[in-house]
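Working notes for the structure below.
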Amino acid sequence: MAQRVQGTEDLFGGYMRAWQHMQDVARDLFGAYGFDMVETPAIEQVDTFVHGIGESTDVVRKEMFRVVSGALFENLLGQGSEAGLKPKQRLAMRPEGTAGVVRAAVENNMVPQGAASAKLWYAEAMFRGERPQKGRLRQFHQVGVEWLGAADPAADAECIVMLMEYYKRLGFDSSPLKLSINSMGDAVCRPAYRERVRQFILDHADEMCEDCLERAEINPLRSFDCKNDHCREVMRDAPLAKDNLCDDCAEHYAQVKRYLDAAGVSYVEDPTLVRGLDYYTRTVFEVEAVDGGVGAIGGGGRYDGLMELEGGKPTPGIGFAVGFERIALALAAQGGSLETPQPGCVYVAGTSADEREAVFSATLALRQAGVRTEADYQGRSLKSQFKQADKLGARVCVVIGPDEVAANAVTLRDMETHEQTQVPAAELVSAVTERLAK
Ligand code: HAM
């Protein structure tokens, strides 16, 4: 039997409805904040991710699924390396949404100079070649937003307020949610800060892992979230970003906190929060469900340099993404669920094969009127059809037998009371919709 790839899931039934529910809530809430939906391709040039996410990140170095067409693959096997590939031939499945959306914004000139900002949201599958475990998949789903063209700290605060409201509307109790925030500085103050952290790691070289020593040279801030516990302990004494911000970054951070306080959003400041993607500047944030046991259920931040890295004009940006699968797990741990009930339907039952055409017409008429309608396609007995109707949650059954056909009528059976009434066939739709409205 063919099997799905490890770390991937099939979405169907209640689980699929849960994913759709997350999108419906997002459409409503993010729409009220002025965001429109966007969809970018699942494959992009590798450079789109390398420029934005950063060459030295785990996501780019270890987790990106590379895509090669069949013919190219043969070639690569022959040559033993991708050195001969043009940038346009070096493709990857998107590990996250931000880089692709920003690439699309640059390519489609979505934020022309002097124009209003672009506010975009998406609900898409993402792909990361991580070791699969609970809440960590190789194909997972994110709902995310990207707000391009707003530098104001109010935009940072609005994003965070909207994110916390999103969790609430999905059914989370706010008390077990922990929102952590930090500021990572910008192009003015970060280089000097990075250098201080690099020096700190080198001063503690004998206590740090090999990866951290390598990070010291390419991206020392990554050591704050090294998977090695001891490294993280050593890093507790490292210089903190918040003590190394330039005046503008410090004021921006202070203003974001003032807005969050005014909006009544509780947060903790975590000066070691650096996030796993290199494009962040200034505000970063992450949300965890305490006792959820699945890690972060969402995160984001400001990325004022990313548009330029993707070849556009300098344009500030901020956004976040939340993971569907982790949210489903964290909600379940709270005793909640994202699942919405299966929608009810009307069932059209025929007493024998002779009524098949009348059943067919009645079914189509109801569907054309927008009523979710089911019928029998297996030649089942009337009793089995009623059982099936119950299973599907039908509130009304339309029964058609020889008497009904002769009288050009249908019988409506209330599936709860089993009460039956005959109505003229011409009144089928109005009689059914009237009963459903009760
Ligand atoms: P991220 O923190 O890498 O940020 O991912 C956001 C969320 O996606 C995580 O908090 C988690 O819920 C979920 N997630 C990440 N990796 C996995 C995985 N392997 N399996 C299941 N769920 C996962 C970003 O992706 C940024 N693009 C967010 C952003 C948008 N920043 C600015 N704009």
Side-chain angles (χ1 to χ4, degrees), residues 2-11 15 19 39-70 72-77 79-83 85 87-103 122-144 209-212 214-215 218-219 222-223 225-228 231 274-280 286 293-300 306 309-310 320-329:
Q3 287 183 323
R4 63 176 193 269
V5 173
Q6 225 197 343
T8 66
E9 290 182 334
D10 299 309
L11 268 60
Y15 200 41
W19 171 225
E39 182 163 332
T40 58
I43 46 175
E44 295 273 355
Q45 290 184 32
V46 164
D47 285 348
T48 299
F49 302 123
V50 172
H51 292 158
I53 299 169
E55 194 137 29
S56 64
T57 55
D58 280 358
V59 172
V60 162
R61 276 173 42 177
K62 303 181 187 161
E63 297 165 5
M64 217 160 50
F65 279 110
R66 307 289 289 263
V67 180
V68 211
S69 72
L72 267 182
F73 187 59
E74 297 276 301
N75 249 339
L76 282 181
L77 286 181
Q79 290 169 9
S81 102
E82 62 166 17
L85 292 188
K88 279 187 177 168
Q89 295 173 312
R90 298 171 62 231
L91 309 177
M93 307 291 291
R94 61 170 168 238
E96 57 100 52
T98 313
V101 169
V102 169
R103 191 270 313 141
Y122 48 87
E124 289 171 342
M126 306 293 162
F127 308 85
R128 292 186 195 176
E130 299 195 73
R131 198 139 51 87
Q133 50 182 281
K134 186 180 170 199
R136 175 156 296 142
L137 293 143
R138 292 177 146 192
Q139 176 174 342
F140 58 99
H141 297 80
Q142 283 185 346
V143 166
C209 72
E210 281 298 312
D211 276 355
C212 280
E214 203 184 312
R215 282 179 188 123
I218 41 179
N219 194 346
R222 290 268 75 80
S223 294
D225 52 18
C226 177
K227 292 194 170 91
N228 183 320
C231 292
V274 288
R275 309 263 305 128
L277 311 154
D278 278 355
Y279 47 62
Y280 291 115
E286 214 159 75
V294 290
I297 56 169
L306 184 54
L309 290 173
E310 298 292 0
F320 64 73
V322 303
F324 158 65
E325 292 80 0
R326 288 198 193 170
I327 284 187
L329 287 168

I need the [X] [atom1] to [Y] [atom2] distance, nearest 0.5 Å.
| X | Y | atom1 | atom2 | answer |
| --- | --- | --- | --- | --- |
| Met64 | Thr57 | CE | OG1 | 8.0 Å |
| Glu9 | Leu137 | CD | CG | 5.0 Å |
| Thr8 | Gln3 | OG1 | CD | 10.5 Å |
| Arg103 | Thr40 | CZ | OG1 | 6.5 Å |
| Asp225 | Cys231 | CG | SG | 11.5 Å |
| Asp47 | Glu310 | CG | CD | 9.0 Å |

Provide the closest heavy-atom pair for [X] versus [Y] in the form atom of the first, atom of the second, distance.
| X | Y | value |
| --- | --- | --- |
| Leu76 | Ser81 | CD2-O, 3.1 Å |
| Phe127 | Phe140 | N-CE2, 4.4 Å |
| Ser56 | Ile218 | CB-CD1, 3.8 Å |
| Arg138 | Gln6 | CD-O, 3.1 Å |
| Gly97 | Gln142 | N-OE1, 4.0 Å |
| Glu96 | Phe49 | O-CE2, 4.3 Å |

Minimum side-chain heavy-atom gap [X]-[Y] below 4.5 Å:
| X | Y | value |
| --- | --- | --- |
| His141 | Leu11 | yes |
| Leu91 | Arg66 | no |
| Tyr15 | Glu325 | yes |
| Thr48 | Arg94 | no |
| Cys212 | Asn228 | no |
| Tyr122 | Val143 | no |
| Asn75 | Leu85 | no |
| Arg136 | Arg131 | no |

Exercise for review: Verify the neighbour count for atom CD of Gln79: are there more than 12 heavy atoms of other residues, nucleotides or ligands below 6.0 Å?
Suggested key: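 Yes - once you tally the heavy atoms of other residues, nucleotides and ligands closer than 6.0 Å, there are more than 12.
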Check your understanding: So with a 6.0 Å cut-off around CD of Gln133, is the heavy-atom count from everything else above 12?
Key ->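 Yes, CD of Gln133 has more than 12 neighbouring heavy atoms, counting only those of other groups under 6.0 Å.
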Review point. Yes or no on side-chain contact (heavy atoms from CB on, under 4.5 Å) for Val102 and His51, after CA distance, side-chain angles and deciding distance?
Key: CA-CA 11 Å; Val102 169; His51 292 158; over 6 Å; no
**Study point:** For Asp278, the option from Leu306, Asn219, Val59, Val50 that meets side-chain contact (heavy atoms from CB on, under 4.5 Å)
**Key:**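 Of all the options given, the one that passes is Asn219.
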Practice item. Please lay out, stage by stage, how Gln45 and Lys88 fare under the test side-chain contact (heavy atoms from CB on, under 4.5 Å). Key: CA-CA 6 Å; Gln45 290 184 32; Lys88 279 187 177 168; 3.7 Å; yes
Check your understanding: Taking the inter-plane angle between the rings of Trp19 and Phe324 on a 0 to 90° scale, is it parallel (under 30°), tilted (30 to 60°) or perpendicular (over 60°)?
Key ->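 Tilted.
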Practice item. Give a yes or no answer on whether the side chain of Arg128 reaches the backbone of Gln139 with a donor-acceptor pair at less than 3.5 Å. Key: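 Such a contact is absent between Arg128 side chain and Gln139 backbone.
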Exercise for review: Say whether, by atom type as modelled, one donor and one acceptor occur between the side chain of Arg326 and the main chain of Ile297 under 3.5 angstrom.
Suggested key: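 Judged by distance alone, no pair lies under 3.5 Å.
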